[in-house]
*Asks:* 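Starting off with a structure, shown below.
One-based numbering along the sequence shown.
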Amino acid sequence: MGKRAAFRLEPVLRIRRAAEQAASQAAAEADAAAREAHRRADEQAAALATRLPPPSAPAHVFLAAMVASGAAAADVTAARATAQASAEHAGLLRARWTAAAQETKALEKLRERHLLALRTAEAAAEERAVDDLVTRRHAVRAAGNEGEEEPWRA
């Protein structure tokens with residue numbers, strides 16, 4: 001395959017493959033971050049569920065425990081919101097990865113078509129060369145027999 005037969009979009013395909021790889025890595029990292037955020041939110045929610053004020057505590061201790069529980073509940077709510085935002089971000093990055101993969105796939109199909117066209121052209125050229133050789137052989141034999149026709153043989 002010479003320079004003229006090279007796939008002209010090869011540099012673009014390499015860039016698209018690199019972009020797809022980067023998008024894949026970003027999506028994987030975002031998925032891991034979303035799972036971690038959900039795990040932390042679940043841990044905080046489980047810790048909040050076990051938080052009980054002492055049964056025979058004075059009023060100020062009970063009140064402090066209730067305020068602390070309220071703050072912990074706000075933390076759980078914030079952690080769940082963060083986990084939801086992380087999941088949405090991961091979904092966005094997965095969509096970008098999918099788009100990058102589709103762009104790469106389209107260029108790969110173009111490259112495959114290009115290679116198929118080259119192989120077809122090479123096969124046709126080879127077939128023409130064989131046909132020319134056979135035709136030339138037949139012409140030489142016919143010229144040697146001066147008008148006598150000889151049956152064609154391969």
Side-chain angles (χ1 to χ4, degrees), residues 1-138 152 154:
M1 230 187 276
K3 283 188 174 187
R4 298 185 81 207
F7 182 56
R8 290 182 178 172
L9 295 176
E10 194 68 39
V12 176
L13 180 58
R14 281 194 303 270
I15 290 169
R16 292 280 169 89
R17 283 180 177 155
E20 179 185 356
Q21 181 65 29
S24 168
Q25 187 173 356
E29 289 170 1
D31 280 339
R35 281 192 305 275
E36 178 62 21
H38 276 291
R39 186 192 61 74
R40 274 182 279 150
D42 290 343
E43 280 180 2
Q44 288 179 354
L48 179 61
T50 61
R51 209 174 210 172
L52 297 173
S56 61
H60 69 284
V61 172
F62 179 79
L63 186 59
M66 295 313 302
V67 169
S69 292
D75 288 346
V76 168
T77 302
R80 292 224 186 268
T82 300
Q84 181 64 32
S86 293
E88 290 171 2
H89 181 67
L92 175 66
L93 290 179
R94 275 192 305 278
R96 286 184 184 166
W97 176 28
T98 300
Q102 288 172 343
E103 290 173 355
T104 302
K105 185 77 169 170
L107 278 175
E108 286 173 344
K109 284 183 179 181
L110 281 175
R111 185 174 187 271
E112 288 172 15
R113 287 181 192 157
H114 173 75
L115 292 175
L116 179 62
L118 287 178
R119 285 192 295 268
T120 303
E122 287 172 0
E126 188 175 315
E127 191 174 313
R128 279 192 306 274
V130 169
D131 287 348
D132 289 347
L133 180 65
V134 170
T135 303
R136 205 172 309 125
R137 229 187 254 165
H138 182 66
W152 180 81

*Asks:* So R119 and L115, do their side chains get closer than 4.5 Å, heavy atoms only?
*Replies:* yes
*Asks:* Could you report the tightest heavy-atom contact between A72 and L48, atom names first, then the distance?
*Replies:*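 Minimum heavy-atom separation between A72 and L48: CB-CD1, 3.8 Å.
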*Asks:* Does the side chain of L13 come within less than 4.5 Å of E108's, by heavy atoms?
*Replies:* yes
*Asks:* For the pair S24 (side chain) and E20 (backbone), establish whether a donor and an acceptor sit closer than 3.5 Å, ignoring hydrogens and angles.
*Replies:*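 Not a single qualifying donor-acceptor pair exists.
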*Asks:* Could you go through the salt bridge (Lys or Arg N to Asp or Glu O under 4.0 Å) check for R40 and E43 one step at a time?
*Replies:* CA-CA 5 Å; R40 274 182 279 150; E43 280 180 2; over 6 Å; no
*Asks:* Could you go through the side-chain contact (heavy atoms from CB on, under 4.5 Å) check for L93 and H89 one step at a time?
*Replies:* CA-CA 6 Å; L93 290 179; H89 181 67; 3.3 Å; yes
*Asks:* Take D131 and R128 through the side-chain contact (heavy atoms from CB on, under 4.5 Å) test and state the conclusion after the steps.
*Replies:* CA-CA 5 Å; D131 287 348; R128 279 192 306 274; 5.5 Å; no
*Asks:* Taking only residues two or more places apart in sequence, or in another chain, which ones meet E103 in a salt bridge (Lys or Arg N to Asp or Glu O under 4.0 Å)?
*Replies:* R16
*Asks:* To check you understand the geometry: which heavy-atom pair defines the closest contact between A37 and S86, and what is its length?
*Replies:* CB-OG, 4.1 Å
*Asks:* Quick one, Q21 with Q25, criterion side chain to side chain donor-acceptor pair (under 3.5 Å). Give me CA distance, side-chain angles, the key distance, then yes/no.
*Replies:* CA-CA 6 Å; Q21 181 65 29; Q25 187 173 356; 5.3 Å; no
*Asks:* Can you pull the side-chain hydrogen bond (donor to acceptor under 3.5 Å, both in side chains) pairs that have at least one residue in residues 46-75, sequence neighbours excluded?
*Replies:*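 Residue pairs passing side-chain hydrogen bond (donor to acceptor under 3.5 Å, both in side chains), neighbours aside: none found.
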*Asks:* Quick one, R35 and R39 - any side-chain contact, counting heavy atoms below 4.5 Å?
*Replies:* no
*Asks:* Looking only at heavy atoms, what is the nearest atom pair of Q44 and A79, with distance?
*Replies:* OE1-CB, 3.1 Å
